[in-house]
Protein chains: 2
Amino acid sequence: MDRPELGFLLSRLMREVMAREKPILEAAGLEMWDYAVLTALADSAAPTQAQLAATTGRDKTRLIGNLDRLEAEGMVARRPDPADRRNRIVSLTPAGSRVLRRCREAIEAMETELLADLDPADRAGFERALTSLAETDR
Amino acid sequence: MDRPELGFLLSRLMREVMAREKPILEAAGLEMWDYAVLTALADSAAPTQAQLAATTGRDKTRLIGNLDRLEAEGMVARRPDPADRRNRIVSLTPAGSRVLRRCREAIEAMETELLADLDPADRAGFERALTSLAETDR
DNA sequence: GTATATCGTAAGCGCGCGTAGATTATCTGT
DNA sequence: ACAGATAATCTACGCGCGCTTACGATATAC
């Protein structure tokens, strides 16, 4: 297919998505990284902060600040692992869970709107391909 | 469809593509922005640097450094517009054109490999959808 | 001819980033 | 009991980013 390069297309689309997400997250008092952290904790708590850093892609020393604030606002809990007290188990609080759900819904609505004009088959292929490609971690 | 959010998928894929492009561009002595500039000049010269900045998305004061280096290495030419000597017309030199073509070929090969495992129909839909979405400038 | 606007350029601002080193608490192997 | 590894934290780099201000050269409006 003849098209601009992936990098350009992706960075353009990325900017667009970011621009649309930003006001949603700001309304909830979250930064991008906060949201990534909450999302990573949605299914299950993180056994260590280092692992949470790895799964979110956040630098582990930078993650600390996000957790400090999220904890202060009661969205996240840090408790020492009883089995190894060096580790901090990071988990979502009910309040954090609520904030996350609200943001998630708003963002999904935004995405639906963004993708609305696509040919349905293209859209399905796009989502399948993107999901598959995002798992390509070398 | 049930999938992670667009933002996460895109940023993961973006990182992968960047990681694969980097060594190619480094081998040619280019930074990411240099390559974006050369690509923008491929079809036609830029009538002003401000316009080149706008089309590439680069801040216009930051663009200057890229042009300085590209010009010093003979890949790009800056000449005053005879009709309005405040403007600098930026154009690709033959050498710049060669470097661009070589990088472009390597990057296209990389992309082909990256997309190789996709279902062909998904891949076609992915490329069409991405191209279309990247044109969504609000 | 004088005021106003535009282009390219230089310099400096605060920001977030990844990284590195040191520190403290804790666990593991011997 | 002791040496070495590991987790979280703090501090401090240097980097590139976008943004702002200032300035000289040039063009345009009156």
Side-chain angles (χ1 to χ4, degrees), chain A residues 7-8 10-12 14-16 18-19 21-22 25-26 29-37 40-41 45-72 76-91 137, chain B residues 7-8 10-12 14-16 18-19 21-22 25-26 29-37 40-41 45-72 76-91 137:
Chain A
F8 296 154
L10 287 173
S11 75
R12 265 181 205 271
M14 190 75 187
R15 240 177 298 176
E16 179 66 24
M18 290 291 192
E21 280 192 13
K22 203 167 192 180
L25 296 182
E26 271 175 6
L30 295 179
E31 299 174 6
M32 287 282 184
W33 280 115
D34 295 337
Y35 183 61
V37 167
L41 296 175
T48 74
Q49 293 184 190
Q51 175 163 326
L52 180 58
T55 63
T56 54
R58 179 71 160 164
D59 181 271
K60 75 175 157 42
T61 84
R62 299 255 152 199
L63 174 63
I64 297 172
N66 295 99
L67 292 180
D68 286 347
R69 198 159 21 73
L70 288 172
E71 188 178 34
V76 139
R78 267 191 285 211
R79 64 187 168 86
D81 180 351
D84 182 344
R85 295 209 309 283
R86 291 171 304 181
N87 300 338
R88 303 296 157 99
I89 300 177
V90 187
S91 59
D137 25 278
Chain B
F8 296 154
L10 287 174
S11 75
R12 265 180 205 272
M14 189 77 186
R15 241 177 296 177
E16 179 64 25
M18 290 291 192
E21 279 191 12
K22 204 167 192 182
L25 297 181
E26 271 175 6
L30 295 179
E31 298 173 6
M32 288 282 185
W33 280 115
D34 296 336
Y35 183 62
V37 167
L41 297 175
T48 74
Q49 294 183 190
Q51 176 163 325
L52 180 58
T55 63
T56 55
R58 178 73 158 163
D59 181 271
K60 75 173 157 39
T61 83
R62 298 259 156 199
L63 175 63
I64 297 173
N66 296 98
L67 291 180
D68 287 347
R69 199 161 19 75
L70 288 173
E71 188 178 34
V76 139
R78 267 193 284 212
R79 64 187 168 85
D81 180 350
D84 184 343
R85 296 210 307 286
R86 291 171 302 181
N87 300 338
R88 302 296 156 100
I89 300 177
V90 187
S91 59
D137 24 279

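Below, chain A is the first sequence line, B the second, and so on; all start at residue 1.
- Using a 4.5 Å heavy-atom threshold, the side chains of B/Leu67 and B/Leu52 count as touching.
- When the nucleotides D/dA25, D/dA8, D/dA7 are ranked by their closest atom to the side chain of A/Arg86, D/dA7 comes out on top.
- A/Arg78 has its CZ atom 16 Å from the P atom of D/dA7, to the nearest Å.
- The base of D/dG16 is not paired with the side chain of B/Arg62 by any donor and acceptor separated by under 3.5 Å.
- Comparing B/Ile64 and A/Arg85 against DNA chain C, the residue whose closest nucleotide sits nearer the 5' end is B/Ile64.
- The distance from atom CG of B/Asp81 to atom C1' of D/dT28 is 15 Å, rounded to the nearest whole Å.
- Distance from the side chain of A/Arg58 is smallest for C/dC17 among the nucleotides D/dT9, D/dT20, C/dC17.
- Protein atom CG of A/Asp59 is 10 Å distant from nucleotide atom P of C/dA20, rounded to whole Å.
- The separation between B/Lys60 atom NZ and D/dC19 atom P is 10 Å, rounded to whole Å.
- Remark: C1' of D/dA8 and CG of A/Leu63 are 10 Å apart, rounded to the nearest angstrom.
- Residues passing the side-chain hydrogen bond (donor to acceptor under 3.5 Å, both in side chains) test with B/Gln49 are B/Arg78, sequence neighbours excluded.
- With contacts defined as side-chain heavy-atom distances shorter than 4.5 Å, the pair A/Arg58/A/Val37 does not qualify.
- In this structure, CD of A/Gln51 is placed 10 Å from P of D/dA7, rounded to the nearest angstrom.
- Minimum atom distance to the side chain of A/Trp33 is reached by C/dC17, of the listed D/dA8, D/dC10, C/dC17.
- Rounded to whole Å, the distance from CG on B/Asp84 to P on C/dT6 is 12 Å.
- Remark: C1' of C/dC17 and CZ of B/Arg15 are 12 Å apart, rounded to the nearest angstrom.
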Can you list the steps and then say if A/Glu31 with A/Glu26 is a side-chain contact (heavy atoms from CB on, under 4.5 Å)?
-> CA-CA 7 Å; A/Glu31 299 174 6; A/Glu26 271 175 6; over 6 Å; no

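- For the pair B/Gln49 and C/dT9, the criterion of a side-chain N or O lying under 4.0 Å from OP1 or OP2 is met.
- Using a 4.0 Å cut-off between charged side-chain N and carboxylate O, B/Asp81 and B/Arg88 make no salt bridge.
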